[in-house]
Each structure stands twice: as structure tokens, then as C-alpha cells.
Asker: 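Next up is a structure, given as C-alpha cells.
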Amino acid sequence: MSSALHIHVGGAGIKMGDMLWKLYEKEYNETTQKNYIYDEFEGNHYPQAFFVDTDDRMIHEVQRNQSVKFKKHSFFHGTEDASTFARGLCTIGGGIEQQALDCIQKQIETMDRLDEFVITSSISGGTGSGFLSNLVSLLKIYYRKVRCNGFIIFPSSKISNNVVAIYNAVLSMENLMYSFNSITMFDNESMYNFIDRQLDLDFVDYSQLNNLVAQIISAYTGIRRFNSEDNSIFFKNLCPHPRLHFLIPSYSKMTLINDYARKELEQREFIQLLLKKDQKLYQCSTTPNYICTALLFRQKQLNPFYGKLDQALNNLNNYFGQSSQIYQCKSSNYQVLPELAEMKQTGTFFSNDTSIVSSLQALGENFDKYFCKRAFLQYYKPEGLEEREIIKARYDLENLIKQYQKFQQADNQQN
């Protein structure tokens, strides 16, 4: 049977993974294909997961979680924080990459057949950018045929607690382009705004953001876990070119458990809400020009006609003229956070669209403001990163922008 190994890298990636496995645990009894994400042995089920960081703080927080039984080799950490890409790639991360790979290989030895890596990380930090680049590059050497799907937090335009997040993100782009089969993109600012609109909370914290990412990953893996269907084609159908695999998710619906006015939406209302621009969890300043799209909705009852006759969905102007792909995760909706209601139906709309150009250009322009003054390079060059590598990273980003622009220009000519 096919299996997936979840890899959670850096502080943000670990916290997303922690929330995800708490959610998986709540879903366990309903799961039909448990060995897709669990190693079952002598009446116990152990997550097929690996948490890695260059320091130990976040790792110890997860290990204190007694609700999930992790294996001994599910955790590895160094002794020092890597705040920059260079420290994560070269000095701090370079010293622990082989040990981390050994732990992963011990996990894989217990699996029947490894099908994919599901990776969570943030490329704003040094571990989630630099160390992730090292680790995934090694995985592609040893496990070349295994799919690698990332759920990645990108720097926000206004919310950031790391002054060199722009450098870290741009330096990560080569790895994201060449080592992954798909990247589902998030940014904290978009998720904060989404939650603020959906829920009447006095304060939004990272647990709310991590829960949002966990819900989307759970629905995706749920195609295999609950339906016992092959989910390998899900991201394949969204990525028409090996490099153009950056996907923007939209989500609906979230409601507080004490919201007595809440109601389940009819199909048409639900899809129209899901397609609104402000439902996107990675915001771009321009209007979407869709290349490929997919609707993944989650509901216990099977509805083979869901969305297929919806006018709003059928009128999406996909570049290749095909209709949106529609999938159902046939399971109940669960929540880890006690303040959130378990809705009858939820949905995620994935779009591969050229509006990403505006966000990538903004990332590049911010990088240029720093680099033209050689600002903050003292945190990179002494750690072993050469200036030509930084210049190449900017070139890789520009190349990705140009590839997306070709679809954007062709679409404008057709219109």
C-alpha cells in the first residue's frame, strides 16, 4: 500500500505539523486507509512524520503533546537557531543534514511503498528556507520518483518578524522551483484577514493560522485516507509545466461554535463564496487569470453532482479551456480548536493563476532595494554564501516571473 511521509521543517512548519497531527488523531476512527499516514504496530498507530529544526524549542513543545504517539525517530534538532538562509544551508544546517536524512530513512524503511512527501515550512526563517533547501535536494537524489508537495508560508507584505525574510524567500526559490512537484502558498497577512472576516474573535493567534493550513492538508490527504482513491493526479492536473506549480488556495467556511446564527450554505452560495478574491489565503494585487483550477470539497454524504452544474464554476476562464476539476473528500469535518464549529461541508479552491506575477514582482523589487545597497549581506557572506549565489537566486525568481507572464500575455491576446 502507498504511504506518505509528512516532514515539518523549522518553527512554523513544526507548529503547522503539530496542529495537523492533532487533527488527524481526531479523524482516526473514521479513516479507512489508515496506513497511508500511520505505521500500525501491536495495536498502536504511529504517525509517519518527521519534525526537524536547528534548535530544540518547538520540537520539545510538540513532544509534550501526549495525545499523539510519535516514534523515537520522528524528531531531530540541532542546538542553535538558524535565522538566515545561509545559516540554515551552510553553517548550522549543514552540520545536521545527514543525521536528519538518516532519521527519515529509518522511517521510510517501515513503509510498504513511499508515495509522497508532504512538507510544511515557512521560507521567511533560516531553517525553513536554507535547511529545507538542503534537505529536499537530498531527498530528490535518494527518492527521485517520490512526489514532493509543499505547503509553504511566504513573507507577507506588511506582517513580518524577520528583517531578512525577503532575502530568505528569494534564496529559496530555486529549491521551490526545481525540487517540488507542487507548492501551495500561504501568507500570514492573508490568513489573518480571512479569519478576521469569518470569525468574530477578539484576538487571532498562530493556532488559528496553523489550523487553517491543517484543514487544507487534511482535505487533500483525505482523498486517499477516506475515499481510498489515488490522489496523485490532484496536483498533476493543476501544474501544466514542471516549474509552474505554485498554487493559491481559497477556503470556506469557518464559524464559531457559539454562533447561533450560523447556517450551512446551499451549493450555489457556497461556491460563490469560495470564488471570492478575499477568500484567498495568499493575496495578489491583480485579478486572477486562471491557468488551471480545482475544487476540493469535504462532506460526509456522497454528492456526485456537486459543483458540476454550477454556473459560476463553469464560467471560470481557464487558460486551456477545461472545466475546473472537482473532488470530494468523503468525511465529516473535524476541528481541533474548541471555539470552532464542525461544519457539514467545507471546501478549498486551488488555482494556478497568473496573478502570482504581481506578488513575485513585489518580492523581487523588495529584494532589489536591499541588495542594491548590499544591506544585511553581513549575515550571509561570512556564513559561506557567495554573492554570485545571491544574484543567481534573483535570476531564478525573474525567470519564474517570465514563465508566468507568457501565460498572462497569451491570455490577454486571446481576450
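Sequence positions, counted from 1, serve as the residue numbers for this chain.
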Asker: Would you find a donor on one side and an acceptor on the other, under 3.5 Å apart, between the side chain of Thr31 and the backbone of Glu27?
Answerer: yes

Asker: Using ring-ring contact (aromatic ring centres under 6.0 Å, His included) as the criterion, list what pairs up with Tyr178, not counting sequence neighbours.
Answerer: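 Once residues adjacent in sequence are excluded, Tyr178 has no partner under the ring-ring contact (aromatic ring centres under 6.0 Å, His included) criterion.
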
Asker: Consider ring-ring contact (aromatic ring centres under 6.0 Å, His included). Of Phe234, Phe349, Phe297, which one does Tyr327 pass it with?
Answerer: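 The option that passes is Phe234.
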
Asker: Rounded to the nearest 0.5 Å, how far does CD1 of Ile153 lie from CG of Leu281?
Answerer: 9.0 Å

Asker: When rounded to the nearest 0.5 angstrom, what distance separates CG in Leu89 from CD in Glu389?
Answerer: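 That separation rounds to 7.5 Å.
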
Asker: Using a strict cut-off of less than 4.0 Å between a Lys/Arg side-chain nitrogen and an Asp/Glu carboxylate oxygen, indicate whether Glu40 and Lys34 qualify as a salt bridge.
Answerer: no

Asker: What are the two closest non-hydrogen atoms of Met177 and Asp396, and how far apart are they?
Answerer: SD-O, 3.6 Å

Asker: Please identify which of these residues, Val52, Ile59, Leu20, meets the side chain to side chain contact (heavy atoms under 4.5 Å, CB included) condition with His8.
Answerer: Leu20

Asker: For Tyr220 and Phe235, take the angle between the two ring planes, folded into 0 to 90°, and tell me which bin it lands in: parallel under 30, tilted 30 to 60, perpendicular over 60.
Answerer: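 Judged by the thresholds at 30° and 60°, the geometry between Tyr220 and Phe235 is tilted.
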
Asker: Report yes or no: do Gln283 and Lys277 form a side-chain donor-acceptor pair below 3.5 Å?
Answerer: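 Note: Gln283 and Lys277 side chains meet the donor-acceptor criterion.
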
Asker: Any idea which heavy atoms bring Ser355 and Pro288 closest together, and the distance?
Answerer: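 Smallest heavy-atom distance, with atoms named: CB-CA, 3.9 Å.
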
Asker: Evaluate Leu340 against Gln208 for side-chain contact (heavy atoms from CB on, under 4.5 Å), listing each step before the verdict.
Answerer: CA-CA 10 Å; Leu340 296 180; Gln208 299 284 348; 4.1 Å; yes

Asker: Please tell me if the side chains of Arg394 and Asp368 come closer than 4.5 Å, counting only heavy atoms from C-beta onward.
Answerer: yes

Asker: Give me the atom names and distance for the closest heavy-atom approach of Ser74 to Ala49.
Answerer: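 Answer, listing the atom of Ser74 first, then Ala49: OG-O, 3.1 Å.
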
Asker: Examine distances only and state if a side-chain atom of Gln215 and a backbone atom of Tyr334 form a donor-acceptor pair shorter than 3.5 Å.
Answerer: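 Looks like yes, one N/O pair under 3.5 Å.
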
Asker: Identify whether the distance between the nearest side-chain nitrogen and carboxylate oxygen of Arg298 and Glu30 falls below 4.0 Å.
Answerer: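 No, Arg298 and Glu30 are not salt-bridged.
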
Asker: Taking the side chain from Asn210 and the backbone from Tyr206, do they hold a donor-acceptor pair closer than 3.5 Å?
Answerer: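 Answer holds: yes.
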
Asker: Should we say atom CZ of Arg374 is surrounded by more than 12 heavy atoms from elsewhere, each under 6.0 Å from it?
Answerer: yes

Asker: Looking at Gly128, is its backbone amide N or carbonyl O close enough to the side chain of Ser121 to form a donor-acceptor pair, meaning the two atoms are under 3.5 Å apart?
Answerer: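 Yes, because the side chain of Ser121 sits within donor-acceptor range (under 3.5 Å) of the backbone of Gly128.
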
Asker: Quick one: closest heavy-atom pair of His245 and Asn181, and the distance?
Answerer: CB-O, 3.2 Å

Asker: Taking side chain as C-beta onward, heavy atoms only, is Cys292 less than 4.5 Å from Pro240?
Answerer: yes

Asker: Whether the side chain of Arg57 engages the backbone of Gly11 through a donor-acceptor N/O pair (distance < 3.5 Å, no angle test) should be reported.
Answerer: no

Asker: Quick one: do Lys369 and Glu365 make a salt bridge, cutoff under 4.0 Å?
Answerer: no

Asker: Would you say that Ile257 contacts Gln335 through its side chain, given a criterion of any heavy-atom pair below 4.5 Å between the two side chains?
Answerer: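 Answer no - side chains too far apart.
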
Asker: Tell me if the centroids of the rings in Tyr24 and His45 come within less than 6.0 Å of each other.
Answerer: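 No, the ring of Tyr24 stays outside the 6.0 Å limit from the ring of His45, centre to centre.
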
Asker: With a 4.5 Å cut-off on side-chain heavy atoms, are Ser129 and Tyr167 touching?
Answerer: no

Asker: Look only at the side chain of Asp187 and the backbone of Pro155, and say whether a donor-acceptor pair between them is shorter than 3.5 Å.
Answerer: no

Asker: Does any N or O in the side chain of Ser252 come within less than 3.5 Å of the main-chain N or O of Leu273, such that one atom is a donor and the other an acceptor?
Answerer: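 Side chain of Ser252 to backbone of Leu273, a donor-acceptor pair under 3.5 Å: no, none is there.
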
Asker: How many angstroms lie between atom OG of Ser207 and atom CG of Leu212, to the nearest 0.5 angstrom?
Answerer: 11.5 Å

Asker: Does the side chain of Leu135 reach to within under 4.5 Å of the side chain of Ile104, using non-hydrogen atoms?
Answerer: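 The answer is yes; the side chains approach within 4.5 Å.
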
Asker: I would like to know whether Tyr282 and Phe246 meet ring pair (Phe, Tyr, Trp, His ring centres under 6.0 Å); could you show each step before the answer?
Answerer: CA-CA 11 Å; Tyr282 181 83; Phe246 292 82; 9.5 Å; no

Asker: Where is the tightest heavy-atom contact between Ser250 and Leu274, given as atom of each residue plus distance?
Answerer: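 Nearest pair, atom of Ser250 first, then Leu274: CB-O, 3.5 Å.
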
Asker: With a 3.5 Å distance limit and no angle check, can you tell me whether Thr221 reaches the backbone of Ser218 through a side-chain donor-acceptor pair?
Answerer: yes

Asker: Can you list the residues that meet the side chain to side chain contact (heavy atoms under 4.5 Å, CB included) rule with Thr91, with sequence neighbours excluded?
Answerer: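 For Thr91, the residues satisfying side chain to side chain contact (heavy atoms under 4.5 Å, CB included) (neighbours in sequence not counted) are Arg87, Glu383.
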
Asker: What I'd like to find out is whether the side chain of Val357 reaches to under 4.5 Å of the side chain of Thr286, using heavy atoms alone.
Answerer: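 Counting from C-beta outward, Val357 and Thr286 never come under 4.5 Å.
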
Asker: What do you reckon, is OH of Tyr395 surrounded by more than 12 foreign heavy atoms closer than 6.0 Å?
Answerer: no

Asker: Under a 4.5 Å cut-off applied to non-hydrogen side-chain atoms, are Ile96 and Phe131 in contact?
Answerer: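 Result yes, sub-4.5 Å side-chain heavy-atom pair found.
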
Asker: Which one of Tyr370, Phe371, Phe367 satisfies the ring-ring contact (aromatic ring centres under 6.0 Å, His included) criterion with Phe376?
Answerer: Tyr370

Asker: Please enumerate all residues that pass side chain to side chain contact (heavy atoms under 4.5 Å, CB included) together with Gln301, with sequence neighbours excluded.
Answerer: Gln299, Lys344

Asker: In terms of ring plane angle, is the pair Tyr38 and Trp21 parallel, tilted or perpendicular, where the classes change at 30° and 60°?
Answerer: perpendicular

Asker: If we ignore hydrogens and angles and just use 3.5 Å, is the side chain of Asn211 paired with the main-chain N or O of Val336 as donor and acceptor?
Answerer: no

Asker: I'd like to know if Asp102 pairs up with Lys106 as an ion pair, taking the criterion as any Lys NZ or Arg NE/NH1/NH2 lying under 4.0 Å from an Asp or Glu carboxylate oxygen.
Answerer: no

Asker: State plainly whether the residues Glu229 and Lys330 are in salt-bridge range, i.e. N to O under 4.0 Å.
Answerer: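 Answer for the salt bridge query: yes.
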
Asker: How far apart are the closest heavy atoms of Glu189 and Ser156, and which atoms are they?
Answerer: N-OG, 3.0 Å

Asker: If you measure from the Lys or Arg side-chain nitrogens to the Asp or Glu carboxylate oxygens, is any gap between Glu116 and Arg224 under 4.0 Å?
Answerer: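 Salt bridge: no.
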
Asker: How many angstroms lie between CD in Gln107 and CZ in Phe50, if you round to the nearest 0.5 Å?
Answerer: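 The CD atom of Gln107 sits 8.0 Å away from the CZ atom of Phe50.
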
Asker: Could you tell me if Thr110 and Lys71 have a donor-acceptor pair between their side chains, going purely by distance under 3.5 Å?
Answerer: yes

Asker: Once rounded to the nearest 0.5 Å, what's the spacing between atom CD1 of Ile123 and atom CG of Leu363?
Answerer: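 One gets 7.5 Å once the value is rounded to the nearest 0.5 Å.
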
Asker: For the atom pair CZ (Phe350) and CD1 (Ile248), what is the distance rounded to the nearest 0.5 Å?
Answerer: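 One gets 12.0 Å once the value is rounded to the nearest 0.5 Å.
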
Asker: Has the side chain of Glu97 got a donor or acceptor atom that lies under 3.5 Å from a matching backbone atom of Asn134?
Answerer: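 No, because the side chain of Glu97 does not come within donor-acceptor range (under 3.5 Å) of the backbone of Asn134.
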
Asker: Counting only heavy atoms not in Arg268, do more than 12 sit closer than 6.0 Å to its CZ atom?
Answerer: no

Asker: Assess, by modelled atom type and distance only, whether the side chains of Ser83 and Asp81 contain a donor and an acceptor separated by less than 3.5 Å.
Answerer: no

Asker: Ignoring hydrogens and geometry beyond distance, is a side-chain donor-acceptor pair present between Tyr404 and Asn352 at under 3.5 Å?
Answerer: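 Short answer, yes.
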
Asker: Is it true that, when you exclude Tyr379 itself, more than 12 heavy atoms of the residues, nucleotides or ligands shown sit nearer than 6.0 Å to its OH?
Answerer: no

Asker: Asn231 versus Tyr36: any side-chain heavy-atom pair under 4.5 Å?
Answerer: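 Of all side-chain heavy-atom pairs linking Tyr36 with Asn231, at least one is under 4.5 Å.
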
